[in-house]
Amino acid sequence: MSKCPYHTTTAGSPVADNQNSVTVGQRGPLLMQDWQLIEKLAHQNRERIPERTVHAKGWGAFGTFTLTKDLSEYTRAEVFNGEGKQTKMLARFSTVAGEHGAADAERDVRGFALKFYTAEGNWDLVGNNTPVFFLRDPLKFPDFIHTQKRHPRTNLRSPTAMWDYWSQSPESLHQVTILMSDRGLPTDVRHMNGYGSHTFSFWNKKGERFWVKFHFKTQQGHRYWTNPEGQQKVGESRETTQEDLYYSIEKGDFPKWTVQVQIMPELDAEKTSYNPFDLTKVWPHSEYPPIEIGVLELNKNPENYFAQIEQAAFSPSNVLPGIGFSPDRVLQARIFSYADAHRYRLGTHYENIPVNRPQCPVHHYHKDGPMNVQEHFPNPDAYYEPNSFGGPIANPELKEPPLRLDSNIVDRFDHRQDEGNNDYIQVTALFNLFDEGEKSRLFSNISDAMQGVPKEIIEKQLVHFGRVHPDYEAGVRQALHASGHSSYQQQDGHIEEQNSGHSE
Ligand code: NDP
């Protein structure tokens, strides 16, 4: 007797034959009544869901967050209370622009999305492998993403659109410089850092608020590919990151990240020379030193990629008592747009899907709609609030402390008019950290990315590089000349041999 379970239809009815459809005669046509065939074809037609508009290509795994430093001084969130506490979590990494089937080894920002299954509900930190982003006002986000995706007429990616947008949006310079540096093409996700990027808040049981930034430092070291190496890898395999993550975990080589926070007392936000809620800025380590608080380890591959990674739904709106938001404009918009994207892609009740389901009791009053598989009303009469039938009630002890704001004027404030939003100072600090090899690769990566871009757009961008550092502008000009860009004549100068070193 076979050890396999018997095959059934989705309704559980046993299947007698899964190789031959029902026909009239040996060669004859099919019958509508072959519901087994019809169910199978109908399911195949529905096997795809809308891919994510951004971050479509992803790789993920489950793991553990171990807290090594108690943070109850800053936050009441139980995930951060109690040294040694372990919390199960899920990570999904991704590229931003490529579609679901895009090659892995492409120069792009990597998503670094984490879901912590805590006893107080799911906490999601939906960050990137960079501490900053291309914009500080979410009104620009759809336009920015359009420049990264395909041109409507050619259906090709458009370097002209990218540099046209960037050259007129200098707040992107910090992120563009990181993207074009070695860290813009990591060999895989184990060898890169993660950052919460936004400023969030902690609040403790005394009602005190602190601003906080999260950092995840790779314990594997940084590794990257140069452009020629990346192109070679794509020629060999389009799935280099998936292969690296999956097989590392399968063989027990579990990747780890040291978790750090930077903490700023609430009122300091009024004193810093930079806007601490500007997503194009970091907090200098010298002013707010990173504090080590734990370790993140990925140790379990998904059993089913589609169910557990493609359907994983991360949203910055998932916070806990003790963790809050900040006035960061982009964070505020993401609180809406991420959960909304999941409602569209997965269905209204997407948090009923096992990978998204909190691993703690859930009691709410949302009622019907697609995917509502949870029979969650403990008492069927208590399906509205207030009620007299013992339905779930709010806990006022968990109320967030009030947020102080420095203005009561509503306007479309120009984000470029804020002195704290200077677009160049922090980019100069980064440029000065690069050694000669890193600078040389930065220049040639930019020159590669500018091939085919009209000269007038390149010249606008070169002005911004020059404001960061004269050597930045000169280096890119030299690389453009050396590469034979059609708008820049060949000069005597030469590009230095690409350094194929792999580690910072
Ligand atoms: P610090 O010199 O104290 O910090 C420098 C940090 O820059 C390092 O800790 C490292 O961050 C990161 N870094 C070092 N080398 C590179 C590199 N080749 N490519 C990318 N990042 C690198 O100075 P500041 O804190 O004042 O920061 C200076 C600049 O460093 C910033 O303007 C920003 O561009 C960049 N940076 C700063 C971070 C921060 O949180 N302050 C975080 C990341 C980058 P890490 O340890 O995270 O790898």
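Everything numeric in this text was worked out from a predicted model, so none of it was measured. As the structure lists them, so they are numbered: ligands from 1, and atoms in each ligand from 1.
Checking T118 against E120 by side-chain atom types alone, no donor-acceptor pair falls below 3.5 Å. Using a 3.5 Å distance cut-off with no hydrogens or angles, the side chains of Y472 and T177 do pair a donor with an acceptor. A donor-acceptor pair shorter than 3.5 Å can be found between the side chains of D328 and H198.
Here atom 30 (O) of ligand 1 lies nearest to L433 when heavy atoms of T258, N193, I425, L433 are compared. Heavy-atom proximity to atom 10 (C) of ligand 1, evaluated over R183, E438, H222, Q262, is greatest for R183. One option in K439, Q426, H285 has a heavy atom closer to atom 6 (C) of ligand 1 than any other, and that option is H285.
For D182, no heavy-atom contact with ligand 1 is shorter than 4.0 Å. Only side-chain heavy atoms of Y195 come within less than 4.0 Å of ligand 1; its backbone N, CA, C and O stay farther off.
Here the SG-CD distance, from C360 to E78, works out to 9.5 Å after rounding to the nearest 0.5 Å.
Taking every heavy atom of H215 and a limit of under 4.0 angstrom, the matching atoms of ligand 1 come to 40 (O). Those atoms of ligand 1 with a heavy atom of W283 less than 4.0 angstrom away are 39 (C), 40 (O), 41 (N). For ligand 1 and H174, the ligand atoms under 4.0 Å from any heavy atom of the residue are 32 (O), 33 (C), 34 (O). Atoms of ligand 1 lying under 4.0 Å from at least one heavy atom of K217, given by number and element, are 45 (P), 46 (O), 47 (O). For ligand 1, the atoms closer than 4.0 angstrom to any heavy atom of L430 are 20 (C), 21 (N), 34 (O), 35 (C). Near P131, with a cut-off below 4.0 Å to any heavy atom, the atoms of ligand 1 are 42 (C), 43 (C), 44 (C). Here is the list of ligand 1 atoms found below 4.0 Å of a heavy atom in F434: 17 (C), 18 (N), 19 (N).
Side-chain atoms of E171 never come within 3.5 Å of backbone atoms of R136 as a donor-acceptor pair (strictly under, hydrogens ignored).
Contact between I178 and ligand 1 is absent, with no heavy atom of the residue lying under 4.0 Å from the ligand. For S181, the closest heavy-atom approach to ligand 1 does not fall below 4.0 Å. Proximity of E287 to ligand 1 is not established, as no heavy-atom distance is less than 4.0 Å.
Remark: aromatic rings of F134 and W166 are close, center separation under 6.0 Å. The six-membered or imidazole ring of F314 lies away from that of F93, with a centre-to-centre distance of 6.0 Å or more. Aromatic pair W123/F80: ring centres closer than 6.0 Å. Between F325 and F200, the distance from one ring center to the other does not fall under 6.0 angstrom.
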Between V427 and Y424, is the side-chain contact (heavy atoms from CB on, under 4.5 Å) condition met? List the steps. CA-CA 5 Å; V427 195; Y424 304 99; 5.5 Å; no
